[in-house]
Trainee: 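Sharing a structure here in structure tokens format.
Each chain gets a letter, A, B and so on, in the order the sequences are listed, and its residues count up from 1. Please read these numbers as outputs of a predicted model, since none were measured by experiment.
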There are 2 protein chains.
Amino acid sequence: MESLTIGQLARQALVNIETIRYYERRGLIPEPPRTESGYRQYSWDAVARIRFIKRAQELGFSLREISELLSLRVDPNTTCADVKKRAEAKIADVEQKIEALQKMKEALTTLVAMCQREQAPTSACPILETLEDGTLP
Amino acid sequence: MESLTIGQLARQALVNIETIRYYERRGLIPEPPRTESGYRQYSWDAVARIRFIKRAQELGFSLREISELLSLRVDPNTTCADVKKRAEAKIADVEQKIEALQKMKEALTTLVAMCQREQAPTSACPILETLEDGTLP
DNA sequence: ATACACCCTGTACCTTAGTACAGGGTCAAG
DNA sequence: CTTGACCCTGTACTAAGGTACAGGGTGTAT
């Protein structure tokens, strides 16, 4: 199996066939070669590419940002300095996301710690009370 | 001011009027009593309720999850442990994301370093594999 | 040669979390 | 008693990220 049909790729990458065609339209994956009869022929690299897209999405990147990430490389139209500049901007993005998530985690941890008596009814749940009264840092 | 109009509530809770009506349609806030002329009359509790929704959203809960949290509160068969379990699941979620982002940051940092040494990657996308194994090709 | 699974394009539709009117009624100040 | 700020319902729209056909062609096993 040296190349994959769109259906095989979809199963490998755990996405819908339509999603792959959608990514192609959005320019996130290159247009693959076609067979005589017009079927798309994917290489195994495409699996990794789609999995990257899915993972980056879970991390809060939009498809636009992901295509920026994927195009971080030198080519005739992109200089090394340009790649570096954009990579640095992405690092700042990523750092911001990490910070936001760390704050989220701290707040959630504080909430969980408030639950001393698990059998308390939810009507007296300190987690819910704290979310409501705005005393969470 | 013993009750609030929708506009007053919106200002207090720092949301749009339309958002409040949207939350009502979604069942996130109860239908308030009306004046003779049909105006919604909110109690001050509604401010807390909307702040709860907003706060939980910031912590990564979707509106669907938030309405589950809210219905846990009025269900006499659930305990605080149920609430805690949901918060803990969110924490695990957030932790995973932080880890993946840290890998991505490392990959981007490596990429920047490669640019500095004039070893810019020129062909395949250099960060593609980072979310899988944290290395650069 | 006939199912049946698969592929193609194109267009329409869905979800989430709201926003934005249109077309009308209400309330308080001047 | 009019003006302006507010409220009502209902519908339509937004952006992002898909999903779901319809109507047709292809590939292969029996």
Trainee: Both conditions, 6.0 Å and 45 degrees, for the charged tip of B:Arg73 above the ring of B:Phe52: are they met here?
Mentor: yes

Trainee: For the backbone of A:Ser62 and the side chain of A:Glu65, can you confirm whether one donor and one acceptor N or O come within less than 3.5 Å of each other?
Mentor: yes

Trainee: For B:Tyr39 and C:dC27, what is the distance between atoms OH and P respectively, to the nearest whole Å?
Mentor: 6 Å

Trainee: Output yes when A:Arg55 and A:Glu58 qualify as a salt bridge under the 4.0 Å nitrogen-oxygen rule, no when they do not.
Mentor: yes

Trainee: Is the distance from OP1 or OP2 of D:dA5 to the nearest side-chain N or O of B:Arg11 less than 4.0 Å?
Mentor: no

Trainee: Could you check whether any side-chain heavy atom of B:Ile50 comes within less than 4.5 Å of a side-chain heavy atom of B:Leu28, counting everything from C-beta outward?
Mentor: no

Trainee: B:Ile6 has an atom CD1; how far is it from atom C1' of C:dC27, in whole Å?
Mentor: 17 Å

Trainee: In whole Å, I'd like the distance from the CD atom of B:Glu68 to the C1' atom of C:dT16.
Mentor: 15 Å

Trainee: Report yes if at least one side-chain N or O of A:Ser37 is closer than 4.0 Å to OP1 or OP2 of D:dG27; otherwise report no.
Mentor: yes

Trainee: Could you state the CG-P distance from A:Asn16 to D:dT19, rounded to the nearest angstrom?
Mentor: 5 Å

Trainee: Atom CD1 of A:Ile17 to atom C1' of C:dA5: distance rounded to whole Å?
Mentor: 11 Å

Trainee: Counting only side-chain nitrogens and oxygens, does B:Gln8 get under 4.0 Å of the OP1 or OP2 atom of D:dC6?
Mentor: no

Trainee: From D:dT9, D:dG17, C:dT16, pick the nucleotide closest to the side chain of B:Arg64?
Mentor: C:dT16

Trainee: Could you tell me how far apart B:Arg21 (CZ) and C:dC21 (P) are, to the nearest whole angstrom?
Mentor: 14 Å

Trainee: Are the side chain of A:Glu118 and the backbone N or O of A:Cys115 linked by a donor-acceptor pair below 3.5 Å?
Mentor: no

Trainee: Considering heavy-atom distances to DNA chain C, does B:Glu36 or A:Arg25 have its closest nucleotide positioned more toward the 5' end?
Mentor: A:Arg25

Trainee: Return the value, rounded to whole Å, for the distance between atom CD of A:Glu24 and atom P of C:dG10.
Mentor: 12 Å

Trainee: Ignoring backbone atoms, test whether A:Thr19 places a side-chain nitrogen or oxygen under 4.0 Å from the OP1 or OP2 oxygen of D:dT19.
Mentor: yes

Trainee: Would you kindly give the CD-to-C1' distance between A:Glu58 and D:dA16, to the nearest whole Å?
Mentor: 16 Å

Trainee: Taking the nucleotide of DNA chain C with the closest heavy atom to each, which residue, B:Ile53 or A:Arg40, is nearer the 5' end?
Mentor: A:Arg40

Trainee: OP1 or OP2 of D:dG18 less than 4.0 angstrom from a side-chain nitrogen or oxygen of A:Lys54, does that happen here?
Mentor: yes

Trainee: OP1 or OP2 of C:dC7 versus the side-chain N and O atoms of A:Gln41: is any pair under 4.0 Å?
Mentor: no

Trainee: Could you check whether A:Ser62 gets within reach of a base, just the sugar-phosphate, or nothing at all, counting any heavy atom under 4.0 Å?
Mentor: sugar-phosphate

Trainee: Within the modelled atom types, does a donor on one side and an acceptor on the other bring the side chain of B:Tyr23 and the base of C:dG18 under 3.5 Å apart?
Mentor: no

